[in-house]
Each structure stands twice: as C-alpha cells, then as structure tokens.
Peer 1: 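First the structure, then my questions, so here it is.
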There are 2 protein chains.
Amino acid sequence: MRIGELSRRTGVPVPTIKYYVREGLLPPGELTSPNQATYDEKHERRLRLIRTLLDVGGLKVAEISEVLAAIDDPERSLHKVFGATAEGFGTAHSEHDDAESVAAHAVVADLVSRRGWRAHASDPAAADLSKALAALDRLGHGAFVDVLDAYADAAEQVARADLEYVDRQVVVEDMVEAVAIGTVLGEAVFSALRRLAHVDASAKLYGADGPPGGDCPRT
Amino acid sequence: MRIGELSRRTGVPVPTIKYYVREGLLPPGELTSPNQATYDEKHERRLRLIRTLLDVGGLKVAEISEVLAAIDDPERSLHKVFGATAEGFGTAHSEHDDAESVAAHAVVADLVSRRGWRAHASDPAAADLSKALAALDRLGHGAFVDVLDAYADAAEQVARADLEYVDRQVVVEDMVEAVAIGTVLGEAVFSALRRLAHVDASAKLYGADGPPGGDCPRT
DNA sequence: GATAGCGGATAGCGCCACTATCTAATTGGC
DNA sequence: GCCAATTAGATAGTGGCGCTATCCGCTATC
C-alpha cells in the first residue's frame with residue numbers, strides 16, 4: 001500500500017501522515033526506491049490509534065509520542081506503559097507550597113495509605129490529585145474531601161474492570177496496547193457515563209415533575 | 001480593590017485580567033472615574049474559578065464563558081447548569097454513519113434504557129460515549145463494551161456522590177457553582193484516582209515481587 | 001508636581017497541529 | 001516509449017488560542 005491508499009483508508013490527509021512520520025508518531029514506510037515507500041496494515045492501525053488518541057483522548061502530539069514509545073519499547077513493562085500512559089494526562093507541573101497544597105498533600109497521603117495503594121506521593125497522578133484538591137480548597141470547597149472515598153471506591157472498581165479487560169488479551173503486544181487504549185479511551189467513556197448519570201439524576205430531581213422554585217426548563 | 005491588588009492576590013498578571021474582562025469571563029470593575037475602577041471579593045473569587053477551570057479542568061476560554069453564563073443566569077435551572085457544564089467537556093462534533101458508529105449508538109441506547117436513565121440519545125454526553133465506543137470498536141476493542149456495566153455502576157456511584165455534595169450547599173447560588181466546580185474538578189479528581197488505582201493494581205501484578213517474563217522495571 | 005498606577009485599545013508573540021508548495025524521482029495506463 | 005498522476009522529502013506558511021507588550025491620556029498618592 002502506498003501513502004495515498006493509506007490516506008484514503010483512514011481519512012487522514014497525506015501531508016498530515018507525513019507530519020506524523022516527521023514527529024516520530026508513525027514509522028516511515030519501507031523504501032522500495034529512493035522516493036517510493038510502501039505501508040502495511042500496521043501503519044494503518046497505528047495511524048488510527050494516533051487519530052483516536054488525538055480526537056477522542058485529547059492527548060497532545062508530544063504525549064502521544066511518549067505513549068507510543070512506551071508501547072513499542074519491548075524492554076518496558078506493562079507497569080511502565082501504565083505509567084507513561086498515565087503521564088499522558090498529567091497536568092501538574094510546578095506546585096505551590098501554600099497551606100491548601102500542604103493540606104491536600106496530607107489528604108492524598110492518608111488516602112493512599114488507608115487504601116493500601118502501592119503508589120508514592122511523588123507519583124504524577126498523586127500530584128494531580130493534590131492539585132485538584134488544593135484548587136477545590138481554594139475555591140471554598142474543601143468539604144469535597146468528604147466524598148473522596150466514594151470516588152476512590154468507584155475508581156478502584158473501574159481499575160479492576162480495566163485490569164480484567166487487559167488481562168483478557170491473548171498476545172502480549174495486545175495487552176500493552178490495551179493498557180494505553182483502555183486508559184485513554186476509558187477516561188472518555190467514563191467521563192461521558194458520568195455526565196449521563198448527572199443528566200439522569202438532575203432530571204429526576206428537577207426535571208419533568210415538579211421542579212422547585214420556577215426551575216422548570218424552558219425548552 | 002484596584003486591578004493591581006487583584007492581580008497580586010490571585011497571581012494573575014494584570015494584562016491577563018484585562019483579557020478575561022474583554023472575553024466576558026470576568027465582569028468589569030465598577031468605574032469610579034472615567035478611567036478608574038474597583039474590584040471586590042466577587043471578582044477575586046470569579047478569577048480564581050476561571051484559573052482553576054483553565055489549569056485543572058483543562059477547559060477552553062470559550063467553554064468557560066458558557067459555563068459561567070449558565071452559572072450567572074438566574075433563569076437557568078440546576079438542570080441547565082449541569083447541561084452547560086457537561087457540554088464544556090463535549091468533544092463530539094460531527095459523526096460518521098459507518099457500521100461502528102451505528103453499533104455504538106445502539107449499545108448506548110440499550111444501556112440508557114436498561115439503566116432507566118432519563119437521558120436522550122441526542123444528549124451530547126451520549127454522543128461522546130458513542131464516539132468513544134465506536135473508536136474502540138475501530139481499534140479492534142469492541143469487546144470493551146463488556147466492561148461498560150462496571151463503568152456505569154461506578155459512574156452512578158460518582159454521580160450520587162456529586163449530587164449529595166451539591167445538595168449539601170445551603171445557598172442556591174452556591175449549589176449552582178458547586179455543580180460546575182464539582183463536575184469539572186470532580187473529573188480531574190476521578191481521573192487522578194483512577195490512575196493511582198492503575199498504578200497500584202499494576203504494582204501488585206508486575207511490581208516488586210516476581211514480574212513474569214523479564215518485565216522487571218529497570219529503575 | 002512628580003511618580004506610579006490605571007482603563008482602554010491595538011498589535012504582536014509563542015505554541016501547536018497541521019497545510020501548502022516545491023523538486024526530483026517513480027509509477028502505471030495507454 | 002510517453003506522460004499524467006503520484007511519491008519522498010524538505011521548507012515555509014496558516015489559523016486558532018491564550019496570553020503579552022505597548023501606547024495613550026488620565027488619575028491617585030506622596
């Protein structure tokens with residue numbers, strides 16, 4: 001298959017494919033001549049994965065590059081792929097040392113130890129959690145920590161489902177890819193489900209029957 | 001308070017504050033002279049909210065504008081604020097009509113009806129869910145729907161916790177804001193918790209003790 | 001009255017994900 | 001063999017976004 005057909009099959013413009021190759025997201029085609037190359041189904045699959053991580057997962061090109069590098073490196077364990085994929089979501093960069101951050105850090109440390117989670121407080125996910133909790137605190141929603149355990153229960157349940165799904169894969173390469181896809185797309189899936197559940201709960205409370213205080217939707 | 005102090009208190013540069021006012025995110029200060037204005041704690045609170053939705057929530061300025069408009073409009077119900085906030089996350093724009101999309105749509109419709117959720121298939125959250133499931137299908141992970149119910153259980157649990165937290169607010173304005181903050185930051189919190197749970201599960205499987213097949217982490 | 005700060009307006013910057021254009025070479029239908 | 005279509009590779013440009021820099025005339029404060 002040449003680049004034109006790869007483009008036609010995936011709907012990705014040819015210049016964009018070239019751009020992905022330049023950025024190291026997609027391996028170059030195998031050269032049959034100094035200026036001719038062929039691509040196979042692996043390229044097509046990888047290209048679809050890239051577009052999905054971009055469009056659905058919302059990852060940036062540089063983050064996708066890291067995730068794919070973790071997938072491709074045979075030396076890296078599933079553990080590392082989890083880590084690299086998780087870091088694809090990382091938003092925490094530099095942290096303040098104010099009162100809210102310190103308190104949030106303590107809450108996270110307590111939660112991790114109480115749950116017996118094998119994760120360090122230095123983990124990027126823990127840093128993100130601290131950051132979010134500190135932000136909530138600063139906005140006057142420090143009481144949000146009261147629902148943290150309900151959140152953690154749900155998170156554990158989702159993580160169990162994820163692990164079970166990954167474990168279902170037969171080939172090891174598929175497992176590695178399933179970790180990345182499951183982590184990123186699972187996020188999108190859960191987010192949508194949560195919003196659907198919100199809509200439902202909100203509809204049941206204030207919806208069609210007897211909204212209190214003129215809260216009736218206009219449309 | 002003048003703009004300089006507002007900037008000092010929040011750490012947001014003065015030109016950025018002016019930019020937010022231009023974009024309609026922040027109401028202008030009250031003019032005391034043709035070119036002097038004062039700001040109060042409401043501005044400070046709003047500014048912190050904007051920065052949090054940006055930095056932690058990852059929302060775009062235009063999306064924040066919509067969420068804030070929903071918060072400010074007294075005509076809008078909590079229901080609508082939920083909707084507007086949920087749409088802040090919306091990623092779905094145009095959908096294909098291919099086989100995967102149709103199948104995903106059917107799966108979503110089945111799930112909604114099976115759960116008795118009061119949400120239409122036209123809901124943006126449902127569209128996002130369909131999009132994610134279709135993408136999974138295209139990547140050869142159509143079997144992911146097998147864990148959808150575990151995800152939905154967790155989503156319901158989180159939504160219950162969210163509603164309970166919102167219900168805890170005393171003043172109605174606080175409830176409205178709590179919806180927005182809880183939806184956006186709750187997302188970040190859950191995402192971090194899920195990644196922490198992944199790290200834990202992965203550590204227990206392949207971590208310190210006996211990783212199978214040379215999977216041992218190098219560092 | 002000097003200095004610092006202000007509101008308001010306009011223009012520019014840096015990043016990012018592409019996209020356009022060019023050259024020289026190759027393919028494939030006739 | 002011929003020639004339009006396509007290709008690899010390289011370089012430059014585009015559009016959107018979240019700011020950021022600069023300027024002007026005015027105001028607060030010491």
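Every value quoted in this text rests on a predicted model; they were computed, and no experiment measured them. Reminder, nothing fancy here: chain letters follow the sequence lines and each chain counts from 1.
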Peer 1: Starting at OH of A/Y39 and ending at C1' of D/dT6, how long is that distance when rounded to a whole Å?
Peer 2: 12 Å
Peer 1: Taking donor-acceptor contacts at under 3.5 Å, does the side chain of B/K60 reach the base of D/dG18?
Peer 2: no
Peer 1: In terms of the nearest nucleotide of DNA chain C, which residue is placed more toward the 5' end: A/Q36 or B/Q36?
Peer 2: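 Per heavy-atom nearest nucleotide, the more 5' residue is B/Q36.
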Peer 1: Counting just side-chain N and O atoms, does B/S33 come under 4.0 Å of either OP1 or OP2 of C/dC6?
Peer 2: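 False: B/S33 side-chain N/O out of range (4.0 Å or more) of C/dC6 OP1/OP2.
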Peer 1: Report the nucleotide, chosen from C/dT27, C/dT19, D/dT27, that has the shortest atom-to-atom distance to any side-chain atom of A/R2.
Peer 2: C/dT27
Peer 1: Which of these, A/D128, A/V145, A/L129, sits in a side chain to side chain contact (heavy atoms under 4.5 Å, CB included) with B/V189?
Peer 2: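 Testing B/V189 for a side chain to side chain contact (heavy atoms under 4.5 Å, CB included) against A/D128, A/V145, A/L129 leaves exactly one candidate, A/L129.
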Peer 1: Can you find a side-chain donor-acceptor pair between B/Y39 and B/R46 that sits under 3.5 Å?
Peer 2: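 No, because no side-chain N or O of B/Y39 sits under 3.5 Å from a partner of the opposite role on B/R46.
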Peer 1: Taking atom C1' of C/dA9 as reference, at what distance in whole Å does atom CZ of B/R22 sit?
Peer 2: 8 Å
Peer 1: With under 30° as parallel and over 60° as perpendicular, where do the rings of A/H141 and B/Y165 fit, or are they tilted in between?
Peer 2: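 A/H141 and B/Y165: tilted rings.
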Peer 1: So, A/D40 versus A/H43: side-chain donor-acceptor pair below 3.5 Å or not?
Peer 2: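 Yes, a side-chain donor-acceptor pair sits under 3.5 Å.
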Peer 1: Figure out the CD/P separation between A/E5 and D/dT7, and round it to whole Å.
Peer 2: 10 Å
Peer 1: Would you indicate what A/P28 reaches in the nucleic acid, counting non-hydrogen atoms under 4.0 angstrom: base, sugar-phosphate, or nothing?
Peer 2: nothing
Peer 1: Mark yes or no for a side-chain to base donor-acceptor pair under 3.5 Å between A/R8 and D/dT6, with no hydrogen or angle criteria applied.
Peer 2: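 By the distance-only test, no, there is no pair.
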Peer 1: Side chain of B/L31: nearest nucleotide among C/dG7, D/dA8, D/dA28?
Peer 2: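 Of C/dG7, D/dA8, D/dA28, C/dG7 is nearest to the side chain of B/L31.
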Peer 1: Look at the side chain of A/P13 and decide which nucleotide, out of C/dG7, C/dT19, D/dA28, has an atom nearest to it.
Peer 2: C/dT19
Peer 1: Under 4.0 Å between any heavy atoms, over every strand shown, what does B/P15 touch: base, sugar-phosphate, or nothing? Just pick one.
Peer 2: base
Peer 1: Check this one for me: any side-chain N or O of A/T16 less than 4.0 Å away from OP1 or OP2 of C/dA17?
Peer 2: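 Indeed not, no polar side-chain atom of A/T16 lies that close.
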Peer 1: Please state how far atom CE in A/M1 lies from atom P in D/dA8, giving the value in whole angstrom units.
Peer 2: 12 Å
Peer 1: Just do the salt bridge (Lys or Arg N to Asp or Glu O under 4.0 Å) check on A/E5 and A/R9 with the steps written out, would you?
Peer 2: CA-CA 6 Å; A/E5 188 175 352; A/R9 285 200 196 186; 3.0 Å; yes
Peer 1: Name the pairing partner of D/dC30, where a pair is Watson-Crick or G-U wobble with both distances under 3.5 Å, or state none.
Peer 2: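 Base-paired to C/dG1.
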Peer 1: Let me know the distance between CD1 of A/I17 and P of D/dT7, rounded to the nearest Å.
Peer 2: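 Roughly 9 Å, once rounded to whole Å.
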Peer 1: So does A/N35 reach the base of D/dA8 with its side chain, donor to acceptor, closer than 3.5 Å?
Peer 2: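 In this structure, the two groups form no donor-acceptor pair.
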Peer 1: Starting at atom OH of B/Y19, determine the distance to atom P of C/dG8, rounded to an integer number of angstrom.
Peer 2: 18 Å
Peer 1: Counting C-beta onward and ignoring hydrogens, is there a side-chain heavy-atom pair between B/D98 and B/R138 closer than 4.5 Å?
Peer 2: yes
Peer 1: Can you tell which of D/dT20, C/dC18, C/dA17 lies closest to the side chain of A/V61?
Peer 2: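 My answer, after comparing the listed nucleotides, is C/dA17.
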Peer 1: Can you tell me the distance, in whole Å, between the OH atom of A/Y20 and the P atom of C/dC16?
Peer 2: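 So the OH-P distance, A/Y20 to C/dC16, works out to 15 Å.
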Peer 1: Once you round it to whole Å, what is the distance between P of C/dA17 and CZ of A/R51?
Peer 2: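 Whole-Å distance recorded here is 11 Å.
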Peer 1: Reading DNA chain D from 5' onward, which residue's closest nucleotide shows up sooner: B/L54 or A/G29?
Peer 2: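 Residue closer to the 5' terminus by nearest nucleotide: A/G29.
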